[in-house]
> 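Dumping the structure here so I can ask a few things about it.
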Amino acid sequence: MKPRHLNHTDTLQLPVTGKGPFSFRHTLWKPSHFGTGLEVHTATHSWRTFRLDHLVVGVRMSAENDRLLVADVFTDGHYEPEHRERIAQRLITSYGLDEDLDEFTELASQVPAMQEPLDTLAGMRQSCPEDHFEIAVISLLLQNVTISRTTQMTRNLLTHHGKLVHFAGVTLRAWFTAAELAGVTPETLKEQDRLGYRARTLPHFAAFFRDHTTQDLADEETLVDRFQQIKGVGPYTAAVMASHSSRNPSVVGLDVWNRKILARRLLGAEDAAPEDLQRHMKELFPGHAGTAALYLVEHEFIRSPVAPLLAADALDVWNQTLETSAA
DNA sequence: CGCCAGGTAACCC
DNA sequence: GGGTTACATGGC
């Protein structure tokens with residue numbers, strides 16, 4: 001499949017305004033994240049796509065220094081002045097450029113289990129370039145399957161219903177919007193995209209987020225309850241949405257995978273009851289349990305990342321792989 | 001073949 | 001309410 005070419009339309013200089021150190025590399029690239037084709041990273045650069053309603057946006061980012069992110073913006077269609085501020089705000093939020101980290105660092109420095117993760121990942125923030133709809137889809141695809149199946153379903157959905165774009169020397173996939181996905185039938189999701197029983201719940205996600213934009217959903221307090229009214233969104237998916245796309249640093253979405261990692265690191269046990277773990281983390285890191293979990297999980301994968309950094313001369317192979325992947 | 005994987009809804013008492 | 005169980009699919 002031939003990717004659509006995006007044109008260079010802007011360059012943004014985004015200062016880090018949050019307190020505490022900022023790590024460009026460990027914030028934008030997460031060793032535990034599975035490969036989606038929506039982003040790719042080398043030692044010095046990150047490429048990522050975004051959807052702003054109709055507009056497809058590609059961004060190539062690097063760090064001018066540890067207080068300044070430089071983002072080259074590539075778009076299709078008409079790039080309007082209003083898009084500049086929206087993209088800038090999206091990047092600031094996605095990578096927490098304006099979030100303070102000092103309170104967490106202070107808490108974590110008192111906890112022995114946090115010493116190594118803090119040293120290795122100093123300045124790492126939560127990364128979530130996904131909006132509420134997109135992170136809900138990711139969480140849905142993580143439910144009760146192996147990562148290889150999650151990766152397969154993600155590839156199917158993005159190949160069949162998303163976009164393929166080329167910019168700044170890199171080919172990437174881009175998300176479909178909720179409105180675009182709302183037109184896809186459960187039969188197609190099941191038979192073509194191999195979604196299994198998720199084929200019946202995903203259309204509920206698409207309809208909900210087609211009708212409720214991120215701006216509508218600003219009411220933090222009741223958001224988790226609102227999300228759980230969507231069929232297929234339970235405690236785990238709602239918590240991932242709260243901690244990632246709403247960026248609530250106190251929330252942890254526990255699943256069998258991170259539960260075992262956290263139990264081992266914090267309780268010295270192979271596993272633990274979710275309630276015990278939640279209570280323990282709230283006590284150790286009041287207001288910052290989610291950030292603490294982030295550091296522990298990413299540290300677990302830093303030596304053998306799920307989707308490793310690419311060598312600069314491997315981008316050609318990367319592009320070929322995406323452009324020839326089964327449709 | 002049976003089990004399980006980075007859960008959830010529907011049913012049971 | 002809290003404790004089961006089916007749910008699709010693919011890899012081992």
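Chain identifiers are assigned alphabetically (A, B, ...) following the order of the sequence lines, protein sequences preceding nucleic acid strands; residue numbering begins at 1 within each chain.
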> Give the nucleotide from the list B/dA10, C/dG10, B/dG7 with an atom nearest to the side chain of A/R194.
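Closest of the options to the side chain of A/R194: C/dG10.
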> Reading DNA chain B from 5' onward, which residue's closest nucleotide shows up sooner: A/F34 or A/I230?
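Between the two, 5'-proximity favours A/F34.
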> So, does A/T237 get its side chain near the phosphate of B/dT8, meaning an N or O under 4.0 Å from OP1 or OP2?
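Checking A/T237 against B/dT8: at least one side-chain N or O falls below 4.0 Å of OP1 or OP2.
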> Any side-chain to backbone donor/acceptor pair from A/S109 onto A/E106? Under 3.5 Å, distance only.
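Judged by distance alone, yes, a pair lies under 3.5 Å.
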> Does the distance from a Lys or Arg side-chain N to an Asp or Glu carboxylate O, for A/E323 and A/K2, drop under 4.0 Å?
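Looking at A/E323 and A/K2, the cut-off is not met.
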> If hydrophobic clusters are built by linking Ile, Leu, Val, Met, Phe, Trp and Tyr wherever their side-chain heavy atoms come under 4.5 Å apart, do A/F34 and A/L157 end up in the same one?
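Yes, A/F34 connects to A/L157 through the hydrophobic network.
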> The test is salt bridge (charged side-chain N to carboxylate O under 4.0 Å, His left out); show your working for A/D98 and A/K19 and say whether it passes.
CA-CA 8 Å; A/D98 59 348; A/K19 287 182 204 155; over 6 Å; no
> Is A/V145 touching bases, backbone alone, or none of the nucleic acid, heavy atoms closer than 4.0 Å?
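A/V145: base contact, heavy atoms under 4.0 Å.
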> Rounding to an integer number of Å, can you tell me how far A/L142 CG sits from C/dC7 C1'?
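My rounded result for the distance is 17 Å.
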> Closer to the 5' end of DNA chain B via nearest nucleotide, is it A/V306 or A/T201?
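Going by which nucleotide is closer to the 5' end, it is A/V306.
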> Write out a two-atom table: protein N or O, nucleotide N or O from nucleotides 3-5 of chain C, distance below 3.5 Å.
none

> Taking atom C1' in both C/dT4 and B/dG6, what distance in whole Å separates the two?
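Roughly 22 Å separates the two C1' atoms.
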> Locate the shortest heavy-atom distance separating A/A43 from A/R25; write the atom from each residue and the value.
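Heavy atoms only, the tightest pair is O-CD, 3.5 Å.
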> Give a yes/no verdict on base stacking between B/dG6 and A/W257: centres under 5.5 Å, planes within less than 30° of parallel.
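A/W257 vs B/dG6: stacking yes.
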> Salt bridge between A/R86 and A/E80, side-chain N to carboxylate O under 4.0 Å?
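The answer is no: the pair does not qualify as a salt bridge.
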> A/D255 has a side chain; which of B/dA5, B/dA9, B/dG7 sits nearest to it?
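Between B/dA5, B/dA9, B/dG7, the one nearest the side chain of A/D255 would be B/dG7.
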> Under a 4.0 Å N-O cut-off, is there an ion pair linking A/R264 with A/E300?
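So A/R264 pairs with A/E300 through a salt bridge.
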> Looking only at the side chain of A/S148 (C-beta and beyond, no hydrogens), which of the listed nucleotides B/dG6, B/dT8, C/dG11 gets closest?
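That would be C/dG11.
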> Starting at atom NE2 of A/H204, determine the distance to atom P of B/dT8, rounded to an integer number of angstrom.
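Those two atoms, NE2 and P, are 15 Å apart.
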> Check the hydrophobic clustering (I, L, V, M, F, W, Y; side-chain heavy atoms under 4.5 Å; chains of links allowed) and say if A/Y95 and A/V40 are grouped together.
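In one cluster with A/Y95: A/V40, no.
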> What integer distance in Å separates A/M153:CE from B/dG7:P?
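After rounding, the gap between these two atoms is 11 Å.
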> Give the rounded distance in Å between these two atoms: CD1 of A/I135 and C1' of B/dG7.
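In whole Å, B/dG7 C1' lies 16 Å from A/I135 CD1.
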> Can you measure A/L254 atom CG to B/dG6 atom C1' for me and round it to whole angstrom units?
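Rounded to the whole Å, the gap is 11 Å.
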> Among the nucleotides B/dA9, C/dC7, B/dT8, which one has an atom lying closest to any side-chain atom of A/Y197?
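Selected nucleotide: C/dC7.
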> Can you measure A/Q152 atom CD to C/dT9 atom C1' for me and round it to whole angstrom units?
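Taking CD of A/Q152 and C1' of C/dT9, I get 8 Å after rounding.
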> Any luck finding a side-chain donor-acceptor pair between A/T93 and A/Q89 under 3.5 Å?
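Yes, a side-chain donor-acceptor pair sits under 3.5 Å.
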> Touch check for A/V240, heavy atoms < 4.0 angstrom, all strands: base, sugar-phosphate only, or nothing?
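No contact at all - A/V240 keeps every heavy atom at 4.0 Å or more from the nucleic acid.
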> Between A/R149 and C/dG11, does any side-chain N or O lie under 4.0 Å from OP1 or OP2?
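No, because none of the side-chain N or O atoms of A/R149 sits under 4.0 Å from OP1 or OP2 of C/dG11.
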> Could you tell me the separation between the CG atom of A/L296 and the CD1 atom of A/I261, rounded to the nearest 0.5 Å?
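Going from the CG atom of A/L296 to the CD1 atom of A/I261 covers 9.0 Å.
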> Measure the acute angle between the ring planes of A/H161 and A/F176, then classify it against the limits of 30° and 60° as parallel, tilted or perpendicular.
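It falls in the perpendicular class, over 60°.
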> State which of B/dA9, B/dA5, C/dG11 makes the closest approach to the side chain of A/N144.
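Closest of the options to the side chain of A/N144: B/dA5.
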> Could you list by number each residue of residues 258-281 of chain A showing a heavy-atom separation from DNA chain B of less than 4.0 Å, or answer none if no residue does?
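Result for residues 258-281 of chain A: none.
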> Given atom CG of A/L141 and atom P of B/dA5, what is their separation to the nearest angstrom?
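For the pair A/L141 CG and B/dA5 P, the rounded distance is 18 Å.
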> Can you tell me, in whole Å, how much space there is between the C1' of B/dC4 and that of C/dA6?
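Their C1' atoms lie roughly 15 Å apart.
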> Rounded to the nearest Å, what distance is computed from the NZ atom of residue A/K231 to the C1' atom of nucleotide B/dA9?
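Going from A/K231 (NZ) to B/dA9 (C1'), I get 7 Å.
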